[in-house]
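Here's the structure we're looking at; comments come further down.
A quick note: this is a predicted structure, and the numbers were derived from the prediction, not measured. Numbering starts at 1 and runs along the sequence shown. What's counted below: heavy atoms across the whole structure, side chains too, no hydrogens, waters or symmetry copies.
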Amino acid sequence: MTTVRTRIAPSPTGDPHVGTAYIALFNLCFARQHGGQFILRIEDTDQLRSTRESEEQIYEALRWLGIEWDEGPDVGGPHGPYRQSERREIYKKYSDELVSKGHAFPCFCSAERLDQVRAEQTARKETPRYDGHCMHLEPAEAQRRIAAGESHVVRMKVPTEGVCVVPDMLRGDVEIPWDRMDMQVLMKADGLPTYFLANVVDDHLMGITHVLRGEEWLPSAPKLIKLYEYFGWEQPALCYMPLLRNPDKSKLSKRKNPTSVTFYQRMGYLPQAMLNYLGRMGWSMPDEREKFTLEEMIEHFDINRVSLGGPIFDIEKLSWLNGQWIRELSVEAFAQEVQAWALNPDYLMKIAPHVQGRVETFSQIAPLAGFFFSGALPLNAELFAHKKLSAEQVRQVMQLVLWKLEALRQWEKDRITGCIQAVAEHLSLKLRDVMPLMFAAITGQASSVSVLDAMEIIGPDLTRFRLRQAIELLGGVSKKETKEWEKLFASMA
């Protein structure tokens with residue numbers, strides 16, 4: 001009997017997302033319920049955006065929740081390496097095999113030509129797609145151009161007629177017309193694979209038997225199925241999980257909801273409650289109880305109990321559930337959890353040097369430094385009144401700083417300062433024009449300890465959350481402003 005093997009394959013390109021944790025939890029439960037194995041693989045083929053810092057955050061966030069894996073980059077295993085960037089030669093071998101069999105071809109089209117083709121197709125109200133320009137090049141001609149060092153990608157061939165039947169464990173057979181599929185790039189010009197080739201090759205070589213992934217990947221499933229067919233491999237069972245949604249039913253996004261797992265850790269949620277809540281996303285226990293442990297979820301897990309309606313990620317409901325967990329702790333356990341959360345020696349030692357020189361009695365510590373131990377702050381709009389900047393400029397400055405900090409992966413005081421300085425200089429402002437806004441947003445006060453030190457200490461999640469909170473308090477950012485300011489932000493880079 002085949003051992004069930006599932007996997008999660010996050011990209012280390014940002015904060016560890018609750019959607020990643022949600023999919024990881026269901027893969028873990030499915031594997032454990034069948035006595036199988038759960039694998040963590042890192043999809044770091046996006047060399048511009050992937051960072052080791054982000055990869056470490058993924059490990060820490062999943063482990064904080066209680067999600068452990070049997071094989072992965074940090075624990076090893078018989079099917080490594082488990083980072084896609086370290087498997088370059090493996091992908092090249094299989095890409096070459098597809099080309100030699102006539103299932104794929106080198107494409108030398110420039111970005112300018114592709115843009116022009118898409119623009120013409122759009123003008124004719126056609127679906128923009130690759131037009132097959134390089135598909136009929138003679139193999140000898142293609143090899144000559146490759147040998148000459150001409151930049152190229154490798155594209156797969158796809159049918160243009162008929163339908164592909166996608167067998168989904170939750171929906172049954174889903175029919176998707178082939179004319180919706182583009183000739184997918186499999187290998188990029190930098191010699192690294194795209195998601196499609198890497199996933200199929202890795203899942204096959206790592207013996208993955210069941211793939212539970214987000215339903216946003218369902219429309220492109222025919223390309224994966226066709227690759228399995230081209231290689232002559234048995235495809236794993238496919239399961240497309242419903243997407244997490246905001247309370248307004250839109251796709252979960254950080255603009256409307258904090259989406260980083262570490263945000264909830266910093267806010268003081270219990271990992272057991274967070275995992276419990278993620279388990280309630282589109283799934284329920286047979287007896288419909290709200291509160292359950294990971295062990296109980298694994299014991300009673302049945303993939304057929306997953307509901308296809310988009311599960312709502314509601315912070316108020318999460319907070320209610322967290323309260324249930326908190327109130328069931330013994331007083332001793334409660335005190336220990338609080339101590340581990342914010343009153344631990346490591347965190348206090350970061351704060352102490354900035355507070356010690358500003359107080360005369362210990363009773364002054366809480367009013368001065370209470371924001372270090374808070375989540376959302378009770379902000380006052382009057383704190384953001386500015387002598388030099390208009391109300392719109394205040395929001396613009398804060399939004400640009402937020403975007404800069406969202407892209408910052410190495411969270412250090414000098415780098416934080418550099419982000420704020422870059423925005424100030426681009427807007428022909430001085431740092432002293434911007435810093436009062438940072439004080440107000442991050443500390444809820446007109447002055448306090450060094451706000452740059454405070455931002456480093458409270459971390460990226462709470463810093464960004466509080467900036468978003470302040471922007472919303474001041475009226476938010478309209479769609480028109482977002483477009484204009486995104487252009488301005490792009491010009492800064």
Side-chain angles (χ1 to χ4, degrees), residues 15-22 24-25 28-29 32 56-69 257-281 285 289-299 313-352 354-355 362-363 365-378 411 442-444 454-466 469:
D15 299 326
H17 199 283
V18 292
T20 300
Y22 156 67
L25 171 62
L28 173 71
C29 287
R32 294 285 182 264
E56 287 298 327
Q57 285 181 323
I58 289 169
Y59 300 154
E60 290 169 11
L62 293 178
R63 287 209 168 99
W64 173 70
L65 287 167
I67 294 174
E68 295 284 348
W69 44 98
N257 241 334
T259 57
S260 168
V261 174
T262 43
F263 165 81
Y264 295 95
Q265 184 180 9
R266 286 290 294 114
M267 286 288 282
Y269 288 88
L270 290 167
Q272 311 95 296
M274 188 74 193
L275 202 65
N276 181 177
Y277 189 65
L278 289 174
R280 296 277 298 128
M281 293 290 99
M285 292 283 278
R289 81 185 92 145
E290 296 266 14
K291 184 174 173 289
F292 49 82
T293 64
L294 174 59
E295 292 72 25
E296 288 169 334
M297 182 174 176
I298 290 170
E299 181 186 350
F313 190 91
D314 185 340
I315 293 184
E316 287 187 16
K317 186 69 186 286
L318 168 60
S319 297
W320 172 84
L321 185 61
N322 197 64
Q324 303 297 307
W325 278 88
I326 283 176
R327 282 185 280 283
E328 289 193 16
L329 294 171
S330 67
V331 174
E332 292 80 10
F334 174 75
Q336 286 171 0
E337 291 286 359
V338 173
Q339 193 170 11
W341 169 62
L343 302 181
N344 60 77
D346 289 345
Y347 192 54
L348 288 176
M349 281 303 294
K350 291 177 184 176
I351 298 166
H354 306 289
V355 174
F362 292 147
S363 59
I365 294 173
L368 175 71
F371 71 89
F372 281 113
F373 307 97
S374 300
L377 297 175
W411 196 258
I442 302 305
T443 73
M455 291 164 83
E456 181 181 46
I457 292 167
I458 68 171
D461 293 294
L462 279 186
T463 295
R464 296 166 187 156
F465 172 68
R466 288 180 184 172
Q469 188 188 13

Quiz item: Mind checking whether I315 and Y269 have side chains closer than 4.5 Å, heavy atoms only?
Solution: yes
Quiz prompt | Donor-acceptor under 3.5 Å (R266 side chain, I458 main chain) | solution = yes
Quiz item: Is any side-chain heavy atom of E296 closer than 4.5 Å to a side-chain heavy atom of M285?
Solution: yes
Quiz item: Within a strict 4.5 Å, meaning less than it, do heavy atoms of the F313 and L278 side chains meet?
Solution: yes
Quiz item: H17 and Y22: side chain to side chain contact (heavy atoms under 4.5 Å, CB included), yes or no, with the steps?
Solution: CA-CA 9 Å; H17 199 283; Y22 156 67; over 6 Å; no
Quiz item: Is any side-chain heavy atom of Y277 less than 4.5 Å from a side-chain heavy atom of V18?
Solution: no
Exercise. Might you point out which heavy atoms bring L25 and G279 nearest each other, and give the distance in Å?
Key: CD2-N, 3.5 Å
Quiz item: Would you call E68-R32 a salt bridge at under 4.0 Å N-O?
Solution: no
Quiz item: About how many Å separate CG of D15 and CD1 of I58, when rounded to the nearest 0.5 Å?
Solution: 10.0 Å
Self-check item: Working for side chain to side chain contact (heavy atoms under 4.5 Å, CB included), residues Y264 and D461
Solution: CA-CA 9 Å; Y264 295 95; D461 293 294; over 6 Å; no
Quiz item: Can you find a heavy atom in the side chain of L275 that is under 4.5 Å from one in the side chain of F292?
Solution: no
Quiz item: Is the side chain of N322 donor-acceptor paired with the backbone N or O of L270 at a distance under 3.5 Å, no angle test?
Solution: yes
Quiz prompt | Expected output: side-chain N276 to main-chain Q272 donor-acceptor under 3.5 Å | solution = no
Quiz item: Backbone N or O of A61 within a donor-acceptor pair of the Q265 side chain at under 3.5 Å?
Solution: no
